[in-house]
Amino acid sequence: MPFPDPFRAGLTLLALVTLAACDSDPAPEPDTIPIISDAFQTDFEAASSDADLFPRDGTGWTGRQQQPEANRVELSTARSRSGTQSMRFVAVPTGAAGTSKADLVLERLDLGEGDRAWFEFWAYLVGGSDAQNLFVWDLEAPATCTDEQACPSTGSGALCPAPGRRLYLSGPQGTSWASDLGKWCRGDVFRASTGTLRPDQWTRIRIFINLSSEASGQFRVWQDDALVLDATGLTLPRAEARYTRLQLGITANGSETATHELFIDDVVVAVTDPGW
């Protein structure tokens with residue numbers, strides 16, 4: 001899917017952006033971050049401040065992206081799906097400085113060929129603007145780079161940083177879901193025939209992925225109780241690639257004109273079947 005030049009340029013800039021928590025947050029010690037062996041879940045109720053999201057023992061989120069500084073990634077009591085608070089993400093339009101991003105980062109995964117994973121979260125998109133190319137969920141393989149041998153059609157590897165499957169709103173005004181194998185030269189764009197983030201109401205999103213670097217991979221998305229995307233194809237860039245990073249929130253605001261505000265609550269990441 002083509003993007004505006006500033007959006008594509010931002011993908012290269014992303015390689016230079018730290019994925020650790022902001023300077024004011026205590027970043028987890030790298031050698032203490034536990035890999036998720038069953039499930040990770042949070043309703044954000046236990047956190048009394050943003051710093052509580054990133055415990056030093058690595059048992060929570062491991063960072064956030066807030067680019068440019070005008071963007072916001074913060075706990076909020078303005079809206080909640082359950083309890084009294086959720087996470088609020090605000091991303092200004094993408095511009096010459098690079099892709100606009102406001103998301104939480106979870107670097108506690110170790111998923112490869114043949115593995116399966118399940119993801120659930122509730123999202124509330126504040127309405128009023130065109131949501132086309134609003135990316136909300138990314139799986140990334142940071143150690144896998146695009147190069148001329150792996151992806152000869154892309155040339156010198158300008159799309160190198162962390163390829164992986166992404167979920168975003170597509171179509172005019174962002175009226176349907178889509179998933180691409182971002183920052184990679186192979187893999188179809190999976191498109192839903194129905195479903196979107198309805199503005200100004202909570203929507204439950206569930207994702208199932210079966211990882212394959214061949215055509216046998218599976219990718220499914222449920223909106224509330226309806227299966228809106230059921231696709232088969234490449235879900236992993238290379239057989240040796242490992243997905244170690246999840247980004248959730250506004251992982252990219254593809255708009256050059258619209259600021260977006262998104263709330264996320266009740267997040268589940270599972271590597272064993274949750275029994276949906």
Side-chain angles (χ1 to χ4, degrees), residues 1-4 7-15 17 19 64-65 67 89 91 94 98-107 109 111 117-121 123 125 131-146 151 154 158-171 174 176-192 195-197 205-213 217-223 228-238 241-255 260 262 264 267 269:
M1 182 183 67
F3 294 112
F7 187 90
R8 183 167 292 277
L11 298 177
T12 302
L13 180 64
L14 178 59
V17 177
L19 291 177
R64 58 179 165 183
Q65 293 188 107
Q67 175 196 336
F89 306 89
T94 279
T99 305
S100 178
K101 305 174 73 68
D103 60 65
L104 285 171
V105 180
L106 189 68
E107 293 184 295
L109 301 173
L111 302 170
W118 295 258
F119 305 84
E120 178 178 333
F121 58 93
L125 177 64
Q132 185 175 18
N133 292 337
L134 178 68
F135 288 69
V136 300
W137 175 95
D138 290 14
L139 266 185
E140 293 193 337
T144 302
C145 253
T146 303
C151 285
T154 65
L159 304 182
C160 181
R165 271 285 158 196
R166 309 184 292 185
L167 183 68
Y168 63 97
L169 293 176
S170 181
S176 62
W177 290 108
S179 171
D180 68 351
L181 192 56
K183 294 164 278 186
W184 199 246
C185 62
R186 300 174 58 219
D188 295 332
V189 176
F190 302 151
R191 298 189 183 277
T196 186
L197 276 184
I205 304 300
R206 283 175 166 171
I207 301 167
F208 166 73
I209 188 167
N210 185 358
L211 301 183
S212 176
S213 58
Q218 295 174 297
F219 190 80
R220 295 172 182 161
V221 178
W222 291 262
Q223 179 175 309
V228 296
L229 197 161
D230 188 358
T232 301
L234 270 67
T235 53
L236 190 69
R238 286 179 174 169
R242 307 293 298 182
Y243 285 139
T244 60
R245 179 189 298 157
L246 168 70
Q247 297 171 351
L248 183 65
I250 302 178
T251 66
N253 179 4
S255 174
H260 291 299
L262 179 72
I264 296 287
V267 178
V269 178

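Small disclaimer: the values here were computed from a predicted structure and weren't measured. Numbering of residues begins at 1 and proceeds along the displayed sequence.
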List the steps and the verdict of side-chain contact (heavy atoms from CB on, under 4.5 Å) for D103 and F135. CA-CA 10 Å; D103 60 65; F135 288 69; over 6 Å; no

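- Remark: Q223 pairs with W177 by the side-chain hydrogen bond (donor to acceptor under 3.5 Å, both in side chains) rule, at least two apart or across chains.
- One finds the CD atom of E140 at 4.0 Å from the NZ atom of K183 (value rounded to the nearest 0.5 Å).
- Here R206 contributes atom CZ and R220 contributes atom CZ; the two are 14.0 Å apart, rounded to the nearest 0.5 Å.
- Figure legend: R64 and F89 shown without cation-pi pairing, the cationic atom not lying both under 6.0 angstrom from the six-membered ring centre and within 45 degrees of its axis.
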Does T235 form a side-chain contact (heavy atoms from CB on, under 4.5 Å) with N210? I'd like the steps, not just the answer. CA-CA 7 Å; T235 53; N210 185 358; 5.8 Å; no

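- Scored by the salt bridge (charged side-chain N to carboxylate O under 4.0 Å, His left out) test, D188 finds no partners at all (sequence neighbours excluded).
- Judged as a side chain to side chain contact (heavy atoms under 4.5 Å, CB included), and not counting sequence neighbours, the contacts of A117 are L111, F119, I209.
- Nearest heavy-atom pair, A91 versus I250, reported as atom, atom and distance to 0.1 Å: CB-CG2, 3.7 Å.
- Interatomic distance, T99 OG1 to N253 CG, rounded to the nearest 0.5 Å: 9.5 Å.
- Looking at L125 and V136, their side chains never come closer than 4.5 Å, going by heavy atoms from C-beta outward.
- Between L229 and A231, the shortest heavy-atom contact is CD2-CB, 3.7 Å.
- Residues that satisfy the side-chain hydrogen bond (donor to acceptor under 3.5 Å, both in side chains) test with T196, not counting sequence neighbours, are absent from this structure.
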Apply the test side-chain contact (heavy atoms from CB on, under 4.5 Å) to residues L104 and I264: give CA-CA distance (whole Å), side-chain angles for both, the deciding distance (0.1 Å), then the verdict. CA-CA 10 Å; L104 285 171; I264 296 287; over 6 Å; no

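- Using a 3.5 Å distance cut-off with no hydrogens or angles, the side chains of S179 and R165 do pair a donor with an acceptor.
- A distance of 10.5 Å separates CZ in R245 from CG in L109, rounded to the nearest 0.5 Å.
- Among the candidates L248, T251, V105, the single residue satisfying the side-chain contact (heavy atoms from CB on, under 4.5 Å) test with D138 is T251.
- We find the CG-CD1 distance between L246 and I207 to be 8.5 Å, quoted to the nearest 0.5 Å.
- Summarising the geometry of S170 relative to A178, their closest heavy-atom pair is CB-CB, 3.7 Å, with the distance given to 0.1 Å.
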List the steps, then state whether side-chain contact (heavy atoms from CB on, under 4.5 Å) holds for L181 with F219. CA-CA 11 Å; L181 192 56; F219 190 80; over 6 Å; no

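- Residues meeting the side chain to side chain contact (heavy atoms under 4.5 Å, CB included) test with R242, sequence neighbours left out: D110, D115, T244.
- Taking CZ of F190 as the reference point, atom CG of L234 lies at 7.5 Å (rounded to 0.5 Å).
- Residues that satisfy the ring-ring contact (aromatic ring centres under 6.0 Å, His included) test with W222, not counting sequence neighbours, are W276.
- When the side chain to side chain contact (heavy atoms under 4.5 Å, CB included) test is applied to A241, the partners found at least two apart in sequence or on another chain are A141, T144, L236, P237, R238.
- Side-chain atoms of T94 and N133, non-hydrogen and from C-beta on, never get closer than 4.5 Å to each other.
- Partners of S100 by side-chain hydrogen bond (donor to acceptor under 3.5 Å, both in side chains), not counting sequence neighbours, listed by chain and number: N71.
- The shortest non-hydrogen separation linking Y243 to L211 is CE1-CD2, 3.6 Å.
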